[in-house]
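Order of appearance sets the numbers: ligands from 1, and atoms from 1 within every ligand. These numbers come from a predicted model, not from an experiment.
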Amino acid sequence: MDAALAQTLATRHGTPFYAYDLGVVKDRAQQLFLALPSGASICYSFKANPMPAIASAVREAGCRAEITSQGELAAAQVAGFTGAQMLFGGPGKTREEIITAIQAGIRLFSCESFRDLALLASLAAAEKITFQVLLRVNPAEAPDARLAMSGVESQFGFEESLLTDPAARQRVLLPGLDVCGIHIYFGTQVAGVDAVVANTRRAIAAAERVQAALGFECRILNAGGGFPWPYANDHTPPDLSDLREKLTTVWQSSPLAQAGAQIWFESGRYLCAGSGWLVAQVLEAKALANKTFIILDTGIHHLGGMAGLGRVPRGAVTVQNLSRDVSGEPPISVDLVGPLCTPLDCLARGLKIPPVTEGDLIGIPNVGAYGITASLLGFLSHPPPLEIAHENGQEREIWRLRYGHERHSS
Ligand SMILES: Cc1ncc(COP(=O)(O)O)c(C=O)c1O
């Protein structure tokens, strides 16, 4: 993060805050389009970061929206997505959510179960609308992914064997539903080009099997993605330079592509992780006999849902000192902790960094995805940090998530 910009924003707005560079979001979207077969669609997964300025940047770059809740739908609307640009998915959909989505003009749904299909078909009859449906399939074959969400028993999608059973047809091809494609999401942080290609090959094969068994025309294959990006550290991002060529070969040789189907991918973290920094202030440096605790004005309530879930190794965080040039100073070992009243409020343990002192501004990179909205925001009721979108060194939009209780009147 540019230290001068961080200082300016901190003076103007206080700390902590998330700073997102919209130029980086747009670049990353362009890079991803260039890494995929020509004509491929990218759906932006709002779960990575629903902040409207970011979503608007990916929309301007040509992406669709992949949403799973009424909150994500509201954010997508603020960001300028139309109903026709949105895909509504996720397990355990409620009738109320689907009705809200329909009212917003959404006509494309990813269905994960026979219950989802029956619910949507009943609303199709009531509203006299035909909905397009992607069947989310959990393929029999295990994927290449660090966090696999298919190929193992899971709550996501139809087990492939359920759909290839001859009895499935009458429960899937329901009146009011235009079953037009397959949706497969293998998992996140897929290791690199060869793993993405292998997963896409598996997705194509599974889609062909399900299409043949059910006898519908698969016009869209949403092959997921899981495109990787470092989280909260400055490790080297993936090199996707030969992905386009390899994926194009795999896709174009498939009967689906030859019959004119479209290929779609989904991405959250690859598009926005690199745009975001969490900027915070050192409140106290507490040097004890064997340990130094650096107490920040941020912690797991702002960055750490994922650490809390054990998904972020607590040593793999990078800290940049934005107040001073400390490059020549010998590192010390610190625990980077927050202000919450629990020893679990720890962003990094045994981290080797040059000494920091009270009042220093520090920055944590690559937290534009799964940062604030994946955190324990309500815990201990500290205010959420501001989210500042900037471009070319200028502030563009500032947002803050709501918090605290509001009285409910029924
Ligand atoms: C169905 C689905 N699509 C897309 C994503 C986005 O993944 P990523 O942010 O790693 O691209 C997820 C993440 O869990 C997901 O579950």
Atom 4 (C) of ligand 1: of Cys272, Gly89, Ser45, Gly90, the nearest heavy atom sits on Ser45
Parallel, tilted or perpendicular: ring planes of Phe109 versus Phe88, cut at 30 and 60 degrees: tilted
Evaluate whether atom CD of Gln170 has more than 12 neighbouring non-hydrogen atoms of other residues, nucleotides or ligands under 6.0 angstrom away. no
So, 4.0 Å and heavy atoms of Ser267: is ligand 1 close enough to count as a contact? yes
Atoms in ligand 1 with a heavy atom of Thr188 nearer than 4.0 Å: 8 (P), 10 (O)
Would you tell me which option among Tyr44, Tyr185, Tyr231, Phe227 has the nearest heavy-atom contact to atom 2 (C) of ligand 1? Tyr185
Residue portion contacting ligand 1 (non-hydrogen atoms closer than 4.0 Å) for Tyr370: side chain
Mind checking whether Glu112 contacts ligand 1 via backbone (N, CA, C, O), side chain (CB onward), both or neither, at a 4.0 Å heavy-atom cut-off? neither
Provide the number and element of each atom of ligand 1 under 4.0 Å from a heavy atom of Glu66. 3 (N), 4 (C)
Within the supplied structure, the quantity of interest is the number of heavy atoms (other residues, nucleotides, ligands) at a distance under 6.0 Å from Arg400 CZ; does it exceed 12? yes
So the atoms of ligand 1 within less than 4.0 Å of a heavy atom of Gly268 turn out to be 8 (P), 9 (O), 11 (O)
Output, in order, the C-alpha distance, side-chain angles, deciding distance and verdict of side chain to side chain donor-acceptor pair (under 3.5 Å) for Thr248 and Gln252. CA-CA 6 Å; Thr248 302; Gln252 285 186 346; 5.8 Å; no
NE2 of His302 to CD1 of Ile364, rounded to nearest 0.5 Å, is 12.0 Å
Min over Arg269, Glu266, Lys47 of heavy-atom distance to atom 14 (O) of ligand 1 lands on Lys47
Shortest non-hydrogen contact from Glu160 to Val210? CG-CG2, 4.1 Å
Any side-chain to backbone donor/acceptor pair from Ser41 onto Trp264? Under 3.5 Å, distance only. no
